[in-house]
Protein chains: 2
Amino acid sequence: MPATEIIERTLARGGYRLTAPRRALLEAMQDLDDHFTAEDVVTAAPEVGRATVFRTLRLMQDIGVVCQVVLDDGSVAYRLTSGGHHHHMVCSQCGAVADFTSHDIEDVLQQLADRTGYEIDAHRLEMYGRCPRCRALPDE
Amino acid sequence: MPATEIIERTLARGGYRLTAPRRALLEAMQDLDDHFTAEDVVTAAPEVGRATVFRTLRLMQDIGVVCQVVLDDGSVAYRLTSGGHHHHMVCSQCGAVADFTSHDIEDVLQQLADRTGYEIDAHRLEMYGRCPRCRALPDE
DNA sequence: ATCCGCGATGAGAATAAGTCTCATTTGCAG
DNA sequence: CTGCAAATGAGACTTATTCTCATCGCGGAT
Ligand SMILES: [Mn+2]
Ligand SMILES: [Mn+2]
Ligand SMILES: [Zn+2]
Ligand SMILES: [Zn+2]
C-alpha cells in the first residue's frame, strides 16, 4: 500500500513528469479493488483518455509501482505494489490477492539454475487456493 | 513431445470425438515452434474454422495435452505438453521453452502453505533467462 | 515570474484478439 | 446402417489494445 507521495517521488526520480492524468489514475487505482483490469481503470477515471490509461499502466509497471497478477484462468490483472520482487497468492473464493516473498523459493530457484545450466534472471510465481480467512468460514 | 497416437487416445478416453479438424490442428501444432499463439494455429491450419481453433485449444488444455506459457511480457502462448504438472524456462535469447519439474520447489511451496495458513491447490511458475546453449555462444 | 521545448495527452479510428450464432455436418453407439 | 448429439465453420460481433496526430502543459532554464 504505497503512499501517493512516495509514488510521485518515484515518478520524478525516473525523470517522468508529474501530470494531472497520472495523479488521477493513481488515485483511481488506490480506490479500486486489490487488483483491477485496465478497463476498470478506464471506467474509474473517465476524465482520462483511454490511451493514457494503458500508457500509464505500462509506465507504472516500468517504475515498479504496479505489477501484473496472472489469474488462474490465464487473464492478467494489475495491482499497486510497494515495489520489490514478490509473488502472489490468489484466493479462488474471495478473489483477494496477497503478496509473498520467500528466501527459500529464491534459493531453490538458484539451485535449479546451477544444476541445469540455465541463467535465470527473472521469474514469476503465482499461487491459487484459499486464504486463511476463507478457510475459516463455516459454509462450503 | 507426445505422439499423435497418444493424444488421440487421450481424446477418446475423455469421451471426445476424434474429428478431422482436431486431427488437423494437432498436426499443425506439432509442426509449429515449441510454443505458439492461437493466431499461429489459425494461420497454420487455414482449413479449420477460427472458432474451432479456440475451442480445440481449450479442450486440449482441459485434457492436459496443451499448456499455457506466460511469456515475460505477460502475453500467453500455448505449447504441446506430455502432460503432468511442470514449469517453464523461457530463453530470452533464442525463445525456446523448456519444461521443468522440481520436488524442491513443490516442497517449499507446501511449507509456505503450512506456514501462512493458505491452502494452495495450484500454482504457476515461469522462469526467464538464457538457456545453456545460448550462454555458450560466443557473441554478445 | 515567464518562456519554451519536448514529453504527455485525448478523441477517435484502426487493429488485434476472442466469442457467438446457428444452420449444417459428422463421429460413433447401437 | 441409422439417428442424433456433438462438433464445425462462416462471418458477424464484442472486447481489448494500439495508433495517429494535433494540441497541451510540466518543469528546467533564464
Ligand atoms: Mn521469486
Ligand atoms: Mn510446481
Ligand atoms: Zn479468500
Ligand atoms: Zn536460448
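Every chain is numbered from 1 and lettered A, B, ... according to where its sequence line falls, protein lines coming before strand lines.
Atom CG of B:Leu25 and atom P of D:dA7 are 14 Å apart (whole Å). The CZ-P distance, from B:Arg22 to C:dT26, rounds to 14 Å in whole Å. A straight line from OH of A:Tyr16 to C1' of D:dG25 spans 19 Å, rounded to a whole angstrom. Distance B:Leu11 CG to C:dC28 C1': 14 Å, rounded to the nearest Å. Look at CG on A:Asp73: it is 15 Å from C1' on D:dT15, rounded to the nearest Å.
Here the CG-CD1 distance, from B:Leu112 to A:Ile105, works out to 5.5 Å after rounding to the nearest 0.5 Å.
With hydrogens and angles left out, the side-chain atoms of B:Tyr118 and A:Arg135 include no donor and acceptor closer than 3.5 Å.
Contacts between residues 31-46 of chain A and DNA chain C, defined by a heavy-atom separation under 4.0 Å, are absent. Using a 4.0 Å cut-off on heavy atoms, the residues of residues 52-61 of chain B that approach DNA chain C are B:Phe54, B:Arg58, listed by number.
Between A:Thr19 and C:dT9 there is a side-chain polar atom (N or O) within less than 4.0 angstrom of OP1 or OP2.
In this structure, B:Arg23 does not pair ionically with B:Glu27, as no charged nitrogen and carboxylate oxygen lie closer than 4.0 Å.
When each of B:Arg50 and B:Arg17 is assigned the nucleotide of DNA chain C bearing its nearest heavy atom, the one mapping closer to the 5' terminus is B:Arg50. Each of B:Gly15 and A:Pro21 was matched to the nucleotide of DNA chain D holding its nearest heavy atom; the match closer to the 5' end belongs to B:Gly15. Remark on DNA chain C: of its neighbouring residues B:Ala51 and B:Ala20, the 5'-side contact belongs to B:Ala51, judged by nearest-heavy-atom nucleotide.
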>> Please determine whether salt bridge (charged side-chain N to carboxylate O under 4.0 Å, His left out) holds for the pair B:Asp99 and B:Arg79, giving the CA-CA distance in whole Å, both sets of side-chain angles, and the decisive distance to 0.1 Å.
In response: CA-CA 10 Å; B:Asp99 289 356; B:Arg79 176 175 165 78; 3.1 Å; yes
> Could you walk me through whether B:Arg13 and B:Glu8 pass the salt bridge (charged side-chain N to carboxylate O under 4.0 Å, His left out) check?
Replying inline: CA-CA 9 Å; B:Arg13 198 179 333 125; B:Glu8 296 191 340; over 6 Å; no
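Put simply, the side chain of A:Phe36 reaches to within 4.5 Å of the side chain of A:Val41, judged on heavy atoms.
Shown here for B:Val76 and A:Gly74, the closest heavy-atom pair between the two residues is CG2-O, 4.0 Å. The nearest pair of heavy atoms linking B:Cys134 to B:Gln93 is SG-CB, 3.8 Å.
For the pairing with A:Cys67, the side-chain contact (heavy atoms from CB on, under 4.5 Å) check across A:His85, A:Arg124, A:His88 returns one residue only, A:His88.
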